[in-house]
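Each ligand, and each atom within it, is numbered from 1 in the order the structure gives.
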Amino acid sequence: MLIIRPLAENDLDDLYEMAASAGNGLTTLPPDRTLLKTKIDKAQATFNGQCPPDAGLYLFALEDTEQKRCAGISGIQARVGLDEVFYNYRLSITVSDSRELNVHVRTPTLYLTNDMTDATEIGSLLLADSHRGGGNGLLLSRSRFLFLDEFREHFSDKIFAEMRGVSDEQGQSPFWDALGRRFFDMEFVEADRLSARGNKSFIAELMPRFPIYLSLLPESATEVIGKVHKNTEPALNMLQAEGFNFNGLVDIFDGGPVVEAFLHNIRTIRQSILRPVRRVDRPLLSNLPAGERVMVSNRSFEDFRVGTLPRAAIRDEEVQMPGPIMEALGVAEGDQVRIAPLKEALF
Ligand SMILES: CC(C)(COP(=O)(O)OP(=O)(O)OC[C@H]1O[C@@H](n2cnc3c(N)ncnc32)[C@H](O)[C@@H]1OP(=O)(O)O)[C@@H](O)C(=O)NCCC(=O)NCCSC(=O)CCC(=O)O
């Protein structure tokens, strides 16, 4: 059985292994044990109330209960731009127009902004290679929306994700090579490593502050602006299906797109329903295709859990749950649980 739960201290080895095999550009998940441990500590402090929930870092693990290991991770940062300034480039247009000379030229232009300050960021989405496909990525990504729905008061109305931009197998980013590198004499991999260590705004402060005309950059750089890394296409696809759209901002390092949605418009949130639990003596059927399963959450803050059930378990007045999933979610008969589509609409 696969269950979403808060990331815990003993997930460190699994997390490190996943981060080490993920390649470059996943800035928030570097293969660095000390840094990953700091993140786990911050997430634990958030879930157990030692850190203000509005400034918290919520990291979730996908636990494979048979293999007893963490097979994936996903996250929510309650607000960005509080501890350090949060930068993006806005992809805008400069128009040069002269009727006398019969000239009308539109030049795409990048402006350095802090537009996402105070918004809620989802990120750190990573699934072990062994668990890719079959709807596991859907559960990992979408279960976060059940949490946001339940505890809206701690989050912004605006939810966004910075998608990993284009870089090659050697970690070369055409966008970084054409831009950041000229102001900061450093390879992308090194800049990415430094920003993972919390130096992102420090690097950003050394980047050009004046507008950048894209016609002055090489095509290798302009053609990757707003594009995602090929391994990130499923992540983007899932967010687009939830109603997220490109908001015109890109990452200052690799040019990857920022996508955003308003919380109340997110598909999982719009379609979620509550039902009381009724225990049934039935097999789990956790191998059903994603389209035939739904997500179910226990609605707890400190011990948030999400699993999946067959769609047929939802009835008008109740949701029917086999004992093992009730135990995994920590719910009892009569408790109200929240249910949302894993893939196909509920009704
Ligand atoms: C992103 C995940 C977790 C997704 O898991 P899976 O690969 O198992 O996904 P899946 O369930 O097979 O597919 C999910 C959906 O994407 C679709 N899909 C699959 N391959 C695709 C492709 N090449 N192009 C477009 N869409 C594709 C599937 O049809 C499915 O949608 P349907 O069911 O509708 O058909 C994984 O690929 C991964 O760990 N990637 C490497 C790390 C990474 O790049 N992470 C994102 C970084 S960016 C980030 O973290 C911010 C974003 C965020 O947090 O959400």
Exercise for the section: State which residues pass side-chain contact (heavy atoms from CB on, under 4.5 Å) with Ala22; sequence neighbours excluded, sorted by chain then number. Expected result: Leu26, Leu126
Practice task
Using the six-membered ring wherever Trp is involved, compare the ring planes of Phe301 and Phe147 and label them parallel, tilted or perpendicular (cut-offs 30° and 60°).
Solution key: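 Rings of Phe301 and Phe147: tilted, as their planes differ by 30° to 60°.
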Practice task
May I ask you to test the Leu7-Lys39 pair for a side-chain heavy-atom distance under 4.5 Å?
Solution key: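 Answer no - side chains too far apart.
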Problem - Close residues, ligand 1: non-hydrogen atom nearer than 4.0 Å - result: Leu26, Ile122, Gly123, Ser124, Leu125, Leu126, Leu127, Arg132, Gly133, Gly135, Gly137, Leu138, Arg144, Ala161, Glu162, Met163, Arg164, Asn231, Thr232, Glu233, Pro234, Ala235, Asn237, Met238, Leu239, Lys343
Handout entry: Inter-residue atom distance Phe60.CZ - Ile76.CD1, 0.5 Å rounding
Key =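 Those atoms lie 4.0 Å apart.
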Exercise for the section: Could you please spell out the steps behind the salt bridge (Lys or Arg N to Asp or Glu O under 4.0 Å) verdict for Asp303 and Arg5? Expected result: CA-CA 7 Å; Asp303 193 21; Arg5 57 156 173 79; over 6 Å; no
Problem - Heavy-atom donor-acceptor pair, Glu333 side chain to Arg279 backbone, under 3.5 Å - result: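 Looks like yes, one N/O pair under 3.5 Å.
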